[in-house]
Each structure stands twice: as C-alpha cells, then as structure tokens.
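Scroll down for the structure; my scribbles are underneath it.
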There are 2 protein chains.
Amino acid sequence: MPRRLAPAGSPDGATPATPGAADATVTTDFLQSLLGYHARRASLSIVGVFLDRMAPFGLRPVDFSVLSVIAENPGVTSRQICSALDILPPNLVGIIRSLHERQLVLRKPHPDDGRAQGLHLSAAGQRLYRDACAVATQLEDHASRGLTAAQQRTLITLLRKVYERA
Amino acid sequence: MPRRLAPAGSPDGATPATPGAADATVTTDFLQSLLGYHARRASLSIVGVFLDRMAPFGLRPVDFSVLSVIAENPGVTSRQICSALDILPPNLVGIIRSLHERQLVLRKPHPDDGRAQGLHLSAAGQRLYRDACAVATQLEDHASRGLTAAQQRTLITLLRKVYERA
DNA sequence: TATTGTTATACTCTATAACTATA
DNA sequence: TATAGTTATAGAGTATAACAATA
C-alpha cells in the first residue's frame, strides 16, 4: 500500500518514505516555485525531442545552430559564430571540421583577412539545412502544442526578458 | 567601419562577414523563432547566476535540489530522489557521498527495507538549506525582475505546459 | 527474479592554456 | 601587440553494464 511521504518538518523517521512502490510520492514544492527549475526542464524536454527527430540528419542542436548561422550569414567566420552562439573557439573547431568533412560546409579564403576563412553552405548543406528546418518547425509545433499562438508569443517574450540583460 | 552581413540567399562572397569588428552583426533569425532556443538561453542564464550566488554554500544546482527533496521528505531514499529529479542512480552516489562527508546529510537504516537507507538533513544541513533557500528566493526575484507577479505565474504555467506530458 | 546502492567506465559537453599565422 | 584558427587537455555532466546485499 502506497503511503505519502512525511511533510517537511515532521519528526525524522516518524513517517519515512516508502521505497519500491512505483507510486510513492516525493514532494518537490520549493523547486516547483523556481523559474530556473521549470526553464531547465522545458529546455531538456525540447532538446530531447530535437535529438530524436534530428538524428536522421546527423545533427545535434549545436550543429543545426551552426548551419543556421552560416545559412543566414554566408561568409561568416568561426569567431563570429562563437560570439553569436556562445561557443568557445576550441569547441567550435571540431563542429566545423565535422560539417566540412561531411561536405555540408565550405571554407573559402576571407577576402579581407588572411587569418580568417569565410564559411558557406554547399549545395548539399543547403538541402540538408532546408529539410532540417522543416523538421525544426514541426518540432516547434510539437513543443508548443496545447499553447495558442498568442501564448507561444507570450512565452518567448517572457523568456527573453529573463535572459536578456543590458 | 562596421558592415552588416549579407542576408541569407545573397551570392556567396558578395558581402562577406567582417571579422574582428566588435560590432559586426550576425543574424540568428530562425533560431530566434524557436522556443527551445529561448528556453535553453533562459535556463543557462539562471543557472549561471545560481552558480555564482550559491558558490559560498558550496552547492551546485543539483546539490541544492537534492537537499531540498531531503528537507521536504525526511527518510527519502536515493532511488526516490533519482525518480523525482531525473538523476541516474550511479550519478547520485557521489552527490550523496559528498553531502554526507560534509555532514549535511545523515543516512539512517530504513525501517522497512534493509537494502535502502533513509536520508535526513543534519542540524547543520537544515541551517545550510535554510540559508540557501533564502538566496534561492533572492535569485528568483533577480531572474524575474522586469516581470510582474502575474507574468511570473504565466511564465511558469506556460513552461509546464511545454514539458508536462501524459 | 527484482530492486537498492554501488563501482567502474565511457562518452559528451564545457573550459583553459598555449601555439601558428596573420593583422 | 592583438586576433583567427587550432591543438591539447582537464573538468563537469551524463550514460550503460555489472556486482553484492536484500526483497
């Protein structure tokens, strides 16, 4: 028979938790009051679905993000991608190398700076990115199912207020 | 002189990105349309502030979460904490061991199950958790500054709708 | 046979130092 | 001297397999 846990503050050992029972309930009231707790759970939930649905494309969230930045900004440099996506330069090297080896991304000499190289999508990269975008849009619909269009806009607006700071 | 990046779809190399300039702008329009992008950024932002402010207590988010579950559920088992917080049992071992070595958490024999042990906060653990809770509440105010009380409730409600599924 | 707590381990993600080529 | 790209590496975080003790 399942038994509810003792509320916080009850004498230790008076009403201990019941292990083993699949329906044993553990309270997380204080955590539930924290915005960070919900933001993290929402983020992990969305990332989990993203990983599943993007697996056929061989794209992790960071790969898709990098492709998206290159697609929108042909000739962008590694350094600019790092700034835009908050990726440290050493960690971007392997990401770009992988995309380059898959012939999705082209490296061209930068016209103004011999140290840098301009990144571009190959034709195959453009096709893959286009298809991945379609799935990303489906994912968006899935993540925000149960939310009206107005609620989706509200949610993004409020999230931006949380993390955007001067 | 700063120059804006070429819009997506412009001929490759026609208007390349300008590296080096601190104000070179890279567009991330599609990513900006994705809920997961904003949820992740909000989560990372809040976690970052949490790490800074909880450092004096020697508590990472996961440590605070575990303390919170034990505080609210005296006698809870490791397995129950794993279920409540989505932590894998092998990864919880070190967390509990650390809290136990710091004498913040007590392990007591479980009254009903010889395999399990009931976890409790020590007096020192209760004091530390109480102080950490106060800081967590300040953090919450900081994270949701610029949001009205109604907006805070709305944000949490909408986030729950995103990740709570049957 | 199933579960609790545990060890060992591997893989990913993230972070720092330092090097080279160029500006 | 400062910056772009890179290497090597260290530290978290997260994942699976397998074991002893108990149910």
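Residue numbers start from 1 in every chain, and the chains themselves are labelled A, B, ... in the order their sequence lines are given, proteins ahead of strands.
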| message | Through direct or indirect side-chain contacts below 4.5 angstrom among Ile, Leu, Val, Met, Phe, Trp and Tyr, which residues connect to B:Val47? | response | B:Leu51

| note | Hits for side-chain hydrogen bond (donor to acceptor under 3.5 Å, both in side chains) against B:Ser78, two or more places apart or cross-chain, chain-then-number order -> none

| message | Is it the case that the side chain of A:Gln80 and the backbone of B:Val26 share a donor-acceptor pair, with hydrogens and angles ignored and the cut-off at 3.5 Å? | response | no

| field | Donor on one side chain, acceptor on other, B:Gln103 and B:Ser122, under 3.5 Å | value | no

| query | NE2 of A:His100 versus P of D:dG5: gap in Å, rounded? | reply | 14 Å

| query | How many Å lie between NE2 on B:His110 and P on C:dT3, as a whole number? | reply | 16 Å

| remark: The side-chain hydrogen bond (donor to acceptor under 3.5 Å, both in side chains) partners of A:Arg102 (sequence neighbours excluded) come to none

| note | Between CZ of B:Arg97 and P of C:dT4 the distance, given in whole Å, is 19 Å

| To the nearest Å, how far apart are B:Asp86 CG and D:dA15 C1'? | 14 Å

| said: Please tell me if B:Arg107 has a side-chain N or O lying less than 4.0 Å from either OP1 or OP2 of C:dT6. | reply: yes

| said: Can you measure B:Ile95 atom CD1 to D:dA12 atom C1' for me and round it to whole angstrom units? | reply: 11 Å

| In residues 40-62 of chain A, which residues come under 4.0 Å of DNA chain D by heavy atom? | A:Arg40

| message | Just the rounded figure in Å: distance from P of C:dT6 to CD1 of B:Ile87. | response | 14 Å

| said: Please determine whether a side-chain nitrogen or oxygen atom of B:Arg79 lies at a distance below 4.0 Å from atom OP1 or OP2 of C:dT6. | reply: no

| remark: Residue set satisfying side-chain hydrogen bond (donor to acceptor under 3.5 Å, both in side chains) with A:Gln32, at least two apart, ordered chain then number -> A:Thr28, B:Arg160

| note | Hits for ring pair (Phe, Tyr, Trp, His ring centres under 6.0 Å) against A:Phe30, two or more places apart or cross-chain, chain-then-number order -> B:Phe64

| query | Once you round it to whole Å, what is the distance between P of C:dT7 and CD1 of B:Ile96? | reply | 13 Å

| request: Give a yes/no answer on whether the side chain of A:Gln117 brings an N or O atom under 4.0 Å of OP1 or OP2 in D:dT6. | output: yes

| task | Determine which pairs satisfy side-chain hydrogen bond (donor to acceptor under 3.5 Å, both in side chains) with at least one residue from residues 85-100 of chain A, sequence neighbours left out, and list them in order. | result | none

| request: Kindly give the cluster partners of B:Leu147, where membership spreads through any ILVMFWY side chain lying under 4.5 Å from a current member. | output: A:Leu35, A:Ile46, A:Leu147, A:Leu155, A:Ile156, A:Leu158, A:Leu159, A:Val162, B:Leu35, B:Ile46, B:Leu155, B:Ile156, B:Leu158, B:Leu159, B:Val162

| task | Give the B/S/- string for nucleotides 16-23 of chain C, one per nucleotide from 5' to 3', where a protein heavy atom under 4.0 Å of the base yields B, of only the sugar-phosphate yields S, and otherwise -. | result | BB---BBS

